Amino acid sequence: MVLRRDDWHDLARKVDWTPRYVDERELFPPEISGHPWLPHEAWQDWNEVYRTTYREYVANQRDKDAAVLGVRAALSKPRLFDELDPAWVQLVKFHNGAIALVEYAGAVAELRMARFGRDSAWRTMATLGALDEIRHTQIPLLIGHDLLAYDGNFDWTHKAFHTNEWVILAARHLFDDMFLAADAIDLAIQLNFVFETGFSNLQFMAMAAMADRAHHHLFEKTLASIQTDESRHAQIGHPVLRTLLENGSRERAQYLVDKMWWRSWRLFLALTGTGMEYLTPLEARTRSFKEFMTEWVIEQFVKNLEEFDLERPWFWDLFVEELDFAHHSFQLGLYAYRTTLWFDVTLPDAAERAWLNGKYPTWNETYGPFWKDLERRWEAGGESSTLSYGLPGLCNLCQLPTLFVRPGRNTACTLERDGRRYLFCSEPCRWIFQQESPKFAAHKSVVDRIVAGEAPGKLTELHKWMGLEAPVETGKDVRRGLDPWRLDPIPRA
Ligand code: MN
Ligand code: MN
């Protein structure tokens, strides 16, 4: 008799036992297993919708890796890279630096749940999740290494998270909070439920659709391949959230969801919003960032909230308002401080501005004058007069410059605590800080460190402190200021 999968699988995924030599609380300490601490009976119905056996996992992953490597082998001709849009290449460099080693940190998070998750089915899923995240690290490291032959800054795929570069410090602050410094329950809500089911579709599936139209099929393939893993292990979040709600922790669950929604939004507008609308060639833009957010992220998230009878975050109106402004304001900041980035940025040309105004009807009125002013500066004083030299105000929670939402409406706010004055980009960031101030209060932003003399104030020394060797590594205008670059499409290599 052949044993079918369904005959044995339940037995293999539910292997919890009753500890006799130690107390259950010692085996799963609340400090790392999480709160509320409930006896195992409360967790024993933990259930994942898409079940996978180890045998199926290995077979599937092997096929997926073979498919990615097949495309890599077929598309390794230098000509194919040379034909990519130069701004698109910068998007890939931005993505690789900001994401590759986060995936590796994600493996640590999954391993924490593989040990301290409260039910064996959860621990099994997380074990496969850890293997997923290792794969998600290895693929961009491999592809990024291939690209070193064309552009030395692709070493930031590996290097970025070993530096003090400010975008990376902001990303590290977020991901430490989301999962590295979180217990198994909090990280299942924050990483699996909010970040992975809520946002990662945007970075991986929406971006893959754009990569296809930008003729970067290897990037498309790797993104889509990674996302198939994400959607499997993301399902860890739902049953954890359900157990919390069934056991009197509704308020805590709502807090974790609200907080991580806001923090993820900050990251995605900075990374994906600017990448999609300032580094992607026009013919590859299928939708605007706002349209992607609305269709791929908000709809799904609202559905998830309804499923659990949770409220929309209290800052929902501000979030909706920011959809029209925040990433456009942030792009101005990236441009002005571009020498502190490891990738190049663009000043939108005439066709791009027309596209932006078509998607965001107040764009010209709000942002047009800023870009025109930058053009005049290029003409009058050359590149150096288009850079900002003053210190920006950095938010003491998200670590990003406090330039949201739009010129004319400043959402920045402050807080006094134990004799220190803190600055925030917005009320939600201040609110998160206040909920967990012991965790956040001692941290210093890059600007705090400069003011305290712990980081150099001189720009050239600051580059070095951030890991950027000027001028080869520091970010530039993609068009290098060539006339008549302002109105022409970006010249291809
Ligand atoms: Mn991943
Ligand atoms: Mn993941």
Side-chain angles (χ1 to χ4, degrees), residues 48-50 52 57 60-61 64-65 67-68 92 94-117 122-144 157-158 160-161 168 171-172 174-208 211 219-241 256-257 260-261 263-264 267-268 271-272 296-297 300-301 304:
E48 71 277 29
V49 184
Y50 308 107
T52 313
Y57 179 84
N60 284 339
Q61 300 303 93
K64 285 194 234 170
D65 276 354
V68 170
V92 176
F94 187 10
H95 170 97
N96 279 8
I99 300 291
L101 288 207
V102 174
E103 303 274 18
Y104 195 60
V108 175
E110 295 285 340
L111 287 171
R112 181 161 306 157
M113 296 190 292
R115 167 61 183 85
F116 294 104
W122 174 4
R123 295 194 293 272
T124 304
M125 284 296 299
T127 305
L128 303 182
L131 294 172
D132 289 341
E133 303 297 6
I134 290 169
R135 171 175 183 263
H136 303 174
T137 315
Q138 290 173 337
I139 292 174
L141 287 181
L142 178 70
I143 310 290
T157 306
H158 185 262
F161 275 82
I168 296 300
R172 203 146 70 205
L174 164 64
F175 291 113
D176 282 359
D177 183 26
M178 189 191 300
F179 53 73
L180 284 183
D183 58 52
I185 290 176
D186 285 4
L187 85 83
I189 309 292
Q190 299 188 123
L191 169 63
N192 303 121
F193 182 76
V194 182
F195 187 80
E196 289 176 346
T197 50
F199 282 89
S200 65
N201 260 329
L202 189 68
Q203 188 66 14
F204 290 91
M205 292 317 286
M207 207 65 113
F219 194 57
E220 174 205 353
K221 186 81 196 170
T222 61
L223 292 174
S225 182
I226 285 171
Q227 186 57 22
T228 61
D229 295 352
E230 293 297 339
S231 50
R232 173 173 27 73
H233 66 240
Q235 61 172 327
I236 287 172
H238 278 65
V240 174
L241 180 56
L256 292 172
V257 168
M260 208 38 67
W261 175 268
R263 297 215 63 180
S264 301
L267 175 81
F268 277 88
L271 170 64
T272 322
W296 294 51
V297 179
Q300 181 60 43
F301 181 65
N304 284 346

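Owing to the predicted nature of the structure, the values given are computational and were not obtained by experimental measurement. Counting starts at 1 for both ligands and their atoms, in listed order.
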Practice task
Find, among atoms of His233 that are N, O or S, the one nearest to the Mn ion (ligand 2), and state its name.
Solution key: NE2

Handout entry: Residue that, paired with Ser225, satisfies side chain to side chain donor-acceptor pair (under 3.5 Å) out of Gln61, His136, Arg135, Glu220
Key = Arg135

Practice task
Check the side chains of Asp132 and Tyr57 for a donor-acceptor pair under 3.5 angstrom, ignoring hydrogens and angles.
Solution key: yes

Exercise for the section: Could you tell me whether the side chains of Asn304 and Gln300 share a donor-acceptor contact shorter than 3.5 Å? Expected result: yes

Exercise for the section: Would you check if the side chain of Gln190 reaches a backbone N or O of Met178 as a donor-acceptor pair within less than 3.5 Å? Expected result: yes

Handout entry: N/O donor-acceptor pair under 3.5 Å between Gln235 side chain and Arg232 backbone
Key = yes

Fill in the blank from the handout: Counting only protein N, O or S atoms (no waters) closer than 2.8 Å to the Mn ion (ligand 1) gives 4

Completion exercise
Arg172 meets the salt bridge (charged side-chain N to carboxylate O under 4.0 Å, His left out) criterion, sequence neighbours left out, with none

